[in-house]
Novice: 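Attaching a single structure in structure tokens format; questions to follow.
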Amino acid sequence: MTSPQTTRPRFFYWLILALPVATFSWLAATGRWQSFWLLVRDPSASSRQAFDASFATAFVWSLSTLPVTLTAWSLGRSHTAARRLNYELLVGFREVVRLALGRDQTAESVEAFARPPKDRLWTAVLLGLVVAVMVPTFFMSFLPDLRTGAGMIWLGGTGVLMGSMTYCQRRASAYLIDEPRYLDLFRQYRLLNPQRYEERGRPFVRAQIVLLVVLPIWWFGGVSIAFVS
């Protein structure tokens, strides 16, 4: 896949960027935005009328962001590294802004879209550590019952397993040579086939498979002990 060739006029990208800004300004000026968040913070104070108004606010806001989100997704999924590492929306939004500014597509940008991700050891380590820390922090932040020794061991182990999976996925993505289709319903399953990777990437894929087997065993095996303790 190469960088997408766009035939849309520059005005189109300005429009889809301006739409959510204009919508937010209108919602804020009419007080709908403030009312929506008041209801989110205190659901007990809601009435049928307040709920309907809040739903309408959320619907209008979502509708206003849909064009730019879909456009960004369409552009970003053509970026090989972003597609494999699941940050295609970020690249897509960057491209929307670039096209809105009227910047022409260059040979360097086309090459960047086609270039696969590099195997960056310390980037993979950092991402794995972030996931390993965020998982237990997230659950213990709103479930005080898990702030026990058993709970921390259970969630800590879950974080380590998920962080390790993130690390392995990041390392393996650099060696993918037979990528399944982006919209394939079984894409994630097919990405766990070691034969789709160069030899250097296959150990990471095999490790992912082992971790996927261990994770539900650890999760369901430790949940009762963590809450009982």
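What you see below is based on every heavy atom in this structure, not just the backbone, and it leaves out hydrogens, waters and symmetry mates. Along the sequence shown, residues are numbered consecutively beginning with 1.
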Novice: Taking the side chain as every heavy atom from C-beta outward, state whether Val60 and Thr23 have any atom pair closer than 4.5 Å.
Specialist: yes

Novice: Treating Ile, Leu, Val, Met, Phe, Trp and Tyr as nodes and any side-chain heavy-atom pair under 4.5 angstrom as an edge, say whether Leu70 and Tyr87 lie in one connected cluster.
Specialist: no

Novice: Take Leu121 and Arg171, measure what side chain to side chain contact (heavy atoms under 4.5 Å, CB included) needs, and give me the verdict at the end.
Specialist: CA-CA 7 Å; Leu121 171 61; Arg171 296 292 305 274; 3.2 Å; yes

Novice: Report all side-chain donor-acceptor pairs from residues 201-211 shorter than 3.5 Å, counting only partners two or more places apart or in another chain.
Specialist:
from	atom 1	to	atom 2	distance (Å)
Arg202	NE	Pro194	O	3.2
Arg202	NE	Tyr197	O	2.9
Arg202	NH1	Glu199	OE1	3.0
Arg202	NH2	Tyr197	O	3.2

Novice: Does a salt bridge link Glu179 with Arg84, judged by any charged N lying under 4.0 Å from a carboxylate O?
Specialist: yes

Novice: Under the 3.5 angstrom rule, does the side chain of Thr80 hit a backbone N or O of Phe113 as a donor-acceptor pair?
Specialist: yes

Novice: Could you state the interatomic distance from CZ (Arg8) to CD1 (Ile16), rounded to the nearest 0.5 Å?
Specialist: 7.5 Å

Novice: To the nearest 0.5 angstrom, please state how far the CG atom of Leu99 sits from the CZ atom of Phe12.
Specialist: 10.0 Å

Novice: Mind checking whether Tyr175 and Asp119 have side chains closer than 4.5 Å, heavy atoms only?
Specialist: yes

Novice: Give me the atom names and distance for the closest heavy-atom approach of Ala100 to Arg10.
Specialist: O-NE, 2.7 Å

Novice: Would you say Leu89 and Val97 are hydrophobically clustered, going by side-chain heavy atoms of ILVMFWY under 4.5 Å?
Specialist: yes

Novice: Taking all heavy atoms of Ala81 and all of Pro117, pick out the closest pair and write down the distance.
Specialist: CA-CD, 3.7 Å

Novice: Enumerate, atom names and distances included, each donor-acceptor pair closer than 3.5 Å involving a side-chain atom of residues 129-138, sequence neighbours excluded.
Specialist:
from	atom 1	to	atom 2	distance (Å)
Thr137	OG1	Val133	O	2.7

Novice: Check the pair Ser164, Val160 against side chain to side chain contact (heavy atoms under 4.5 Å, CB included), reporting the backbone distance first and the verdict last.
Specialist: CA-CA 6 Å; Ser164 299; Val160 169; 4.1 Å; yes

Novice: Which heavy-atom pair separates Lys118 from Ala174 by the least distance, and what is that distance?
Specialist: C-CB, 3.7 Å

Novice: For a quick test of reading the model, state the closest non-hydrogen atom pair linking Pro20 to Thr65 and the distance between them.
Specialist: CB-CG2, 3.9 Å

Novice: Is there a ring-ring contact (aromatic ring centres under 6.0 Å, His included) between Trp73 and Phe93 once you walk through the steps?
Specialist: CA-CA 8 Å; Trp73 173 78; Phe93 279 120; over 10 Å; no

Novice: Check whether any side-chain heavy atom of Leu215 sits under 4.5 Å from a side-chain heavy atom of Thr158, and report yes or no.
Specialist: yes

Novice: With a 4.5 Å heavy-atom cut-off, do Thr71 and Tyr13 have their side chains touching?
Specialist: yes

Novice: Taking the six-membered ring where the residue is Trp, are the ring centres of Trp26 and Trp33 under 6.0 Å apart?
Specialist: no

Novice: Looking at Met140, I'd like to know if its CE atom is crowded, meaning that more than 12 non-hydrogen atoms belonging to other residues, nucleotides or ligands lie closer than 6.0 Å.
Specialist: yes

Novice: Kindly give the heavy-atom pair with the smallest separation between Leu17 and Val21, and that separation in Å.
Specialist: O-CG2, 3.5 Å

Novice: Are any of the side-chain heavy atoms of Pro67 and Leu19 separated by less than 4.5 Å?
Specialist: yes

Novice: Can you find a heavy atom in the side chain of Arg170 that is under 4.5 Å from one in the side chain of Arg120?
Specialist: yes

Novice: What pair of heavy atoms forms the shortest contact from Leu212 to Pro216, and how long is it?
Specialist: O-CD, 2.9 Å

Novice: Within this structure, what is the CZ-NE2 distance for the pair Arg83 and His79, rounded to the nearest 0.5 Å?
Specialist: 9.5 Å

Novice: Which distance, rounded to the nearest 0.5 Å, do you find between the CZ of Phe36 and the CG of Leu27?
Specialist: 10.0 Å

Novice: Let me confirm one number: the CD1-CZ distance from Ile177 to Arg196, rounded to the nearest 0.5 Å.
Specialist: 10.0 Å

Novice: Between Phe186 and Leu192, is there a shared hydrophobic cluster once you connect ILVMFWY residues whose side-chain heavy atoms come closer than 4.5 Å?
Specialist: no

Novice: Aromatic rings Trp219 and Trp154: how do their planes relate, parallel, tilted or perpendicular, breaks at 30° and 60°?
Specialist: tilted

Novice: If you group Ile, Leu, Val, Met, Phe, Trp and Tyr by side-chain heavy-atom gaps below 4.5 Å, do Tyr167 and Leu126 land in one group?
Specialist: no

Novice: Drop me the distance from Asp178's CG to Leu191's CG, to the nearest 0.5 angstrom.
Specialist: 10.0 Å

Novice: Going only through I, L, V, M, F, W and Y residues with side-chain contacts under 4.5 Å, is there a path from Tyr189 to Val213?
Specialist: no

